[in-house]
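The structure appears below as structure tokens.
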Amino acid sequence: MRMRELGIKQRAALITLMAEAREVSNNELENLAGFRLDGEERRVLNELGLVASVRERNNRPYRHELTDAGWDWCATELTSSTPPRSQSAGGALYALLGGLARFLERSGLRLNEIFEAGELAIDRRVRAAYTKLAPEPRAWVGLAALRSALNGEPRGEVDKALHRLNRAADVNIIPESNQKVLTQDDHEAAIRIGGEDRHLIAIGAR
């Protein structure tokens with residue numbers, strides 16, 4: 001299936017998840033957009049890698065969240081023409097999306113930065129910077145290199161993000177065991193957690 005063949009409800013689900021920028025349950029989706037994402041419509045979005053859907057138990061509603069590919073689809077959709085059979089409300093929505101595309105072009109912002117809460121956005125950027133630096137998940141990356149990759153991000157905001165991420169199950173921030181190998185940059189990039197300076201970060205499920 002090509003992306004342009006998505007149905008109206010699937011497109012609406014993607015755009016709603018974009019606007020919420022978080023995990024949304026089927027109950028919430030029904031309140032927000034008037035429908036639930038189930039059956040073949042959900043499976044197609046999952047198979048295309050646009051939406052991640054989870055359900056802890058059979059009696060619990062699915063929870064959906066945009067993947068990185070889903071965010072890319074939404075960014076492309078901003079400049080798409082109005083889909084057939086979308087009626088007047090759909091036409092108005094795509095006119096609004098076109099205006100958003102023009103704003104992004106003028107501002108230089110990314111789509112997710114418009115909708116994500118500030119804390120979530122910086123946390124995602126830290127994770128993205130780690131992914132670019134690490135040769136594989138759970139590899140140790142120095143905070144000096146990480147901060148350099150996040151050039152332009154205020155140090156205070158990065159520190160707050162590191163403190164939050166350190167509480168995540170897939171993140172570990174530790175001191176360098178061999179203090180003799182630390183450079184001045186390493187010392188300056190360290191973050192104080194639990195009464196000790198920490199210099200290395202690893203991200204990945206155990």
Side-chain angles (χ1 to χ4, degrees), residues 14 17-25 28 45-46 48-57 60-75 104 107-206:
L14 289 164
L17 292 175
M18 173 193 74
E20 289 298 306
R22 61 182 176 88
E23 192 175 73
V24 176
S25 73
E28 293 176 295
L45 293 180
N46 293 159
L48 289 173
L50 302 178
V51 172
S53 303
V54 296
R55 181 167 62 180
E56 294 178 356
R57 300 185 184 129
R60 296 286 182 89
Y62 273 102
R63 303 193 310 276
H64 313 287
E65 188 171 14
L66 280 185
T67 63
D68 288 343
W71 280 103
D72 290 342
W73 180 93
C74 289
L104 290 172
S107 66
L109 293 172
R110 292 170 292 185
L111 182 61
N112 63 299
E113 293 175 318
I114 299 295
F115 294 102
E116 289 181 338
E119 290 184 359
L120 181 57
I122 184 64
D123 291 2
R124 282 173 61 95
R125 288 197 285 275
V126 170
R127 286 180 177 274
Y130 171 86
T131 299
K132 290 180 180 179
L133 293 169
E136 59 185 4
R138 298 184 61 194
W140 293 110
V141 169
L143 292 185
L146 184 73
R147 291 187 190 277
S148 179
L150 289 165
N151 184 36
E153 299 290 351
R155 180 180 177 112
E157 294 303 312
V158 174
D159 285 353
K160 290 177 184 177
L162 291 172
H163 278 283
R164 286 191 300 271
L165 290 169
N166 188 57
R167 297 192 291 269
D170 64 335
V171 178
N172 198 10
I173 304 175
I174 65 169
E176 168 59 61
S177 58
N178 183 3
Q179 299 284 305
K180 293 181 180 179
V181 304
L182 293 175
T183 66
Q184 184 63 31
D185 287 344
D186 291 323
H187 286 293
E188 292 176 356
I191 187 168
R192 193 80 173 171
I193 299 176
E196 60 183 356
D197 288 339
R198 305 192 184 192
H199 315 90
L200 301 170
I201 184 171
I203 300 178
R206 297 185 179 185

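Worth knowing before you read on, the calculation uses all heavy atoms, side chains too, and leaves out hydrogens, waters and symmetry mates. None of the values given here were measured: they were computed from a predicted structure.
For Glu188, there are no salt bridge (Lys or Arg N to Asp or Glu O under 4.0 Å) partners at least two apart in sequence or on another chain. In this view, Glu136 satisfies the side-chain hydrogen bond (donor to acceptor under 3.5 Å, both in side chains) rule with no residue, not counting sequence neighbours. Applying the side-chain hydrogen bond (donor to acceptor under 3.5 Å, both in side chains) criterion to Arg127, with sequence neighbours excluded, gives Asp170. Glu176 is linked by a salt bridge (Lys or Arg N to Asp or Glu O under 4.0 Å) to nothing, counting only residues two or more places apart in sequence or in another chain. Residues passing the salt bridge (Lys or Arg N to Asp or Glu O under 4.0 Å) test with Asp68 are Arg124, sequence neighbours excluded. Applying the side-chain hydrogen bond (donor to acceptor under 3.5 Å, both in side chains) rule to Gln179 yields no partners; only residues at least two apart in sequence or on another chain are considered. Applying the side-chain contact (heavy atoms from CB on, under 4.5 Å) test to Asn46 and every residue at least two apart in sequence or in another chain returns Arg42, Val51, Ser53. Applying the side-chain contact (heavy atoms from CB on, under 4.5 Å) test to Ser177 and every residue at least two apart in sequence or in another chain returns nothing. Checked against side-chain contact (heavy atoms from CB on, under 4.5 Å), Ala161 has the following partners two or more places apart in sequence or in another chain: Ile122, Asp123, Val126, Arg164. Looking at residues two or more places apart in sequence or on another chain, you find no side-chain contact (heavy atoms from CB on, under 4.5 Å) involving Ser148. Scored by the salt bridge (Lys or Arg N to Asp or Glu O under 4.0 Å) test, Arg155 finds Asp159 as partners (sequence neighbours excluded).
Contact between Leu17 and Leu66 at its shortest, heavy atoms only, is CB-CG, 3.8 Å. Heavy-atom minimum distance, Ala75 versus Leu111: N-CD2, 3.6 Å.
Salt-bridge check for Glu157 with Arg125: failed, with every basic side-chain N at 4.0 Å or more from each acidic carboxylate O.
The backbone N or O of Ala139 sits less than 3.5 Å from a side-chain atom of Tyr130, completing a donor-acceptor pair. In this structure, the side chain of Thr67 engages the main chain of Leu50 through a donor-acceptor pair within 3.5 Å.
The CH2 atom of Trp71 sits 9.0 Å away from atom CD of Glu65, with the distance rounded to the nearest 0.5 Å. One distance of note links CD1 of Ile173 with CD1 of Ile193; it measures 4.5 Å at 0.5 Å rounding. Going from atom CG of Leu143 over to atom CZ of Arg147 covers 6.0 Å, rounded to the nearest 0.5 Å. Between the CD atom of Glu28 and the CZ atom of Arg63 there is a distance of 10.0 Å, given to the nearest 0.5 Å.
Asn166 places none of its side-chain heavy atoms less than 4.5 Å from the side chain of Ile191.
Ring geometry for His199 against His187 counts as perpendicular: the plane angle is over 60°, on a 0 to 90° scale with 30° as the lower cut.
Pairs passing the salt bridge (Lys or Arg N to Asp or Glu O under 4.0 Å) check and including a residue from residues 191-202, sequence neighbours excluded, read Arg192-Asp197, Glu196-Arg198.
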